[in-house]
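To keep things clear, I will list the structure first and then write my remarks on it.
All values reported here derive from a predicted model rather than from experimental measurement. In what follows, residues are counted from 1 in the order of the sequence shown.
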Amino acid sequence: MAIRVAQWSTGEVGRQALKMVLDTPELELAGVFAHGASKVGTDAGTVARRDETGVLVGPATVDEVLACEPDVVVHCPLPSARTDLGAGHDTDVIAGLLAGGADVITTVGYVWPWAYDDGRVERLEAACAAGASSLHGTGLNPGFQNELFPLVLSRLSARIDRVFIRESTVFDRYPSPTVIIEMMGFGGDPAAGIDPVYREWLDGLFRESVLLVAAGLGESVDAIELDVELTAAPVERRIAAGVVPAGGIDGQRWSWSGRTGDREVIRLETVFRAHGDTQPDWPAPGFVAEIAGRPGVRFEVGHWIDGGLLATAAMAVNAIEAVHDAAPGIRTVLDIPLVTGRGRLAT
């Protein structure tokens with residue numbers, strides 16, 4: 001029997017996920033839901049640039065979604081902490097869906113909700129118990145690069161001294177002012193620093209990654225220290241998302257150090273550049289995962305993936321069967337079987 005799937009949000013990631021759901025014979029589209037009123041009433045096939053489906057986009061509310069009786073909800077909005085919906089909205093929605101009996105796969109974090117001490121784990125677990133449902137957070141980063149990939153590499157190790165992960169990205173071709181200017185703060189005043197709400201959100205997001213890696217290694221960390229370095233543009237930068245004025249923020253280097261006692265055991269770095277000429281002495285664009293130990297293992301690559309938004313959607317859609325089959329509760333990559341691109345081989 002096909003798994004009934006509801007798609008929450010039809011933005012860049014949500015639209016890619018919707019296409020995959022429609023293209024997967026084992027999945028049945030139960031409903032599509034969007035925040036934008038302009039999309040409500042549109043056929044899902046039109047949104048996905050596919051043939052009409054007869055399924056019309058509805059307003060994104062918990063009651064609307066549960067009314068279509070989905071087995072699984074693929075939840076792919078912009079993080080509510082970075083919208084006018086407010087920081088707690090995503091948890092409210094996810095808990096409501098779970099309590100109503102739908103499994104939830106989300107791309108807005110929740111890869112390791114135990115990173116927070118605000119009661120959300122207890123609330124989410126209670127919702128899972130009430131609805132006999134499962135929650136899984138996933139994506140390209142976080143979800144794959146910072147967590148699953150280094151843990152896979154660790155299988156080669158007889159002794160592990162330190163785990164290092166770094167992503168370095170240039171955003172000059174990313175066309176969204178909402179993400180690049182408003183959310184990430186490029187072009188802002190370096191003296192004012194990063195917007196506190198964004199800083200708190202991103203800090204929490206990647207603390208999840210550090211703690212998930214530690215849990216995957218059967219260890220814990222005593223503390224996670226955050227360091228943020230900002231750089232100012234020496235000249236005006238024109239990028240796809242808009243203009244970064246001279247003197248505005250054009251580089252961000254975030255580092256999370258997971259420590260046990262006085263020893264750093266996990267280090268995660270994220271390097272954001274607004275332009276290719278930003279801070280040429282910083283690490284080149286690409287991805288690094290390194291296990292220091294015996295044997296030493298290092299994976300380093302420059303441009304390694306075409307379509308990060310599609311990859312994020314694929315991480316979610318390809319996990320549907322595993323999450324739907326999982327026992328109720330919060331289920332991370334440590335709890336579900338290895339998810340592959342099964343059935344995706346072109347014929």
Side-chain angles (χ1 to χ4, degrees), residues 8-17 33-39 59-60 75-94 106-110 137 139-143 167-209 226 228-254 256 270-279 282 285 307-310 312-313:
W8 180 291
S9 183
T10 57
E12 295 296 332
V13 175
R15 192 162 55 248
Q16 299 286 0
F33 304 90
H35 291 291
S38 62
K39 295 179 181 178
H75 177 260
C76 303
L78 285 175
S80 66
R82 301 307 307 147
T83 71
D84 58 6
L85 294 170
H89 180 76
D90 284 333
T91 299
D92 291 343
V93 165
I94 291 170
T106 183
T107 60
V108 296
Y110 300 83
L140 177 61
N141 188 21
E167 180 186 31
S168 181
T169 306
V170 178
F171 288 96
D172 55 351
R173 297 183 181 180
Y174 198 101
S176 172
T178 300
V179 173
I180 302 302
I181 306 297
E182 297 175 22
M183 187 172 88
M184 298 182 69
F186 281 113
D189 181 2
I194 293 293
D195 171 63
V197 176
Y198 177 65
R199 180 187 176 103
E200 180 181 2
W201 170 73
L202 196 69
D203 183 27
L205 193 68
F206 288 120
R207 283 175 183 267
E208 290 190 49
S209 300
L226 170 64
V228 184
E229 181 182 356
L230 304 177
T231 64
V235 297
E236 181 181 275
R237 310 279 201 201
R238 293 189 173 272
I239 60 177
V243 176
V244 176
I249 295 172
D250 75 336
Q252 305 175 23
R253 188 170 184 174
W254 301 68
W256 288 264
T270 300
V271 179
F272 297 147
R273 290 180 172 88
H275 191 273
D277 292 337
T278 299
Q279 291 300 107
W282 279 5
L309 298 175
L310 174 56
T312 296

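Once rounded to the nearest 0.5 Å, the distance linking CH2 of Trp282 with CD of Gln252 reads 8.0 Å. To the nearest 0.5 angstrom, Leu205 atom CG is 12.5 Å from Glu200 atom CD. Here the straight-line distance linking atom CG of Leu226 with atom CZ of Phe206 works out to 11.5 Å at 0.5 Å rounding. How far CG of Asp90 is from CH2 of Trp201: 10.0 Å, rounded to the nearest 0.5 Å. The line from CZ of Arg253 to CZ of Arg273 is 8.5 Å long, rounded to the nearest 0.5 Å. Separating the OG1 atom in Thr107 from the CG atom in Leu78 is a distance of 9.0 Å, to the nearest 0.5 Å.
For the pair Thr278 and Phe171, the minimum side-chain heavy-atom distance is 4.5 Å or more. Annotation: side chain of His275 is not in contact with side chain of Val244 (no heavy-atom distance under 4.5 Å). The side-chain heavy atoms of Asp277 and Arg237, taken from C-beta on, include a pair separated by under 4.5 Å. No side-chain heavy atom of Lys39 sits less than 4.5 Å from a side-chain heavy atom of Phe33.
Classified by interplanar angle (parallel below 30°, tilted 30° to 60°, perpendicular above 60°), the ring pair His35/Trp8 is perpendicular.
In this view, Asp203 and Arg207 satisfy the salt bridge (charged side-chain N to carboxylate O under 4.0 Å, His left out) rule, not counting sequence neighbours. Judged as a side-chain hydrogen bond (donor to acceptor under 3.5 Å, both in side chains), and not counting sequence neighbours, the contacts of Arg238 are Glu236.
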Determine all donor-acceptor pairs shorter than 3.5 Å in which one atom belongs to a side chain in residues 177-189; sequence neighbours excluded.
unit_1: Asp189; atom_1: OD1; unit_2: Ala191; atom_2: N; d: 3.0

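Listed here is the closest heavy atom pair of Ala34 and Thr10: CB-OG1, 3.7 Å. Shortest non-hydrogen contact noted between Ala233 and Pro245 is CB-O, 3.8 Å. Across Pro190 and Ala232, no two heavy atoms sit closer than the pair CG-CB, 3.9 Å. Of all heavy-atom pairs spanning Pro77 and Ser9, the tightest one is CA-OG, 3.5 Å. The shortest heavy-atom contact between Ala313 and Gln16 is CB-CB, 3.7 Å. Of all heavy-atom pairs spanning Gly86 and Ser80, the tightest one is O-OG, 2.8 Å.
Of the candidates Val170, Asp250, Asp172, Asp172 is the only one forming a side chain to side chain contact (heavy atoms under 4.5 Å, CB included) with Ile239.
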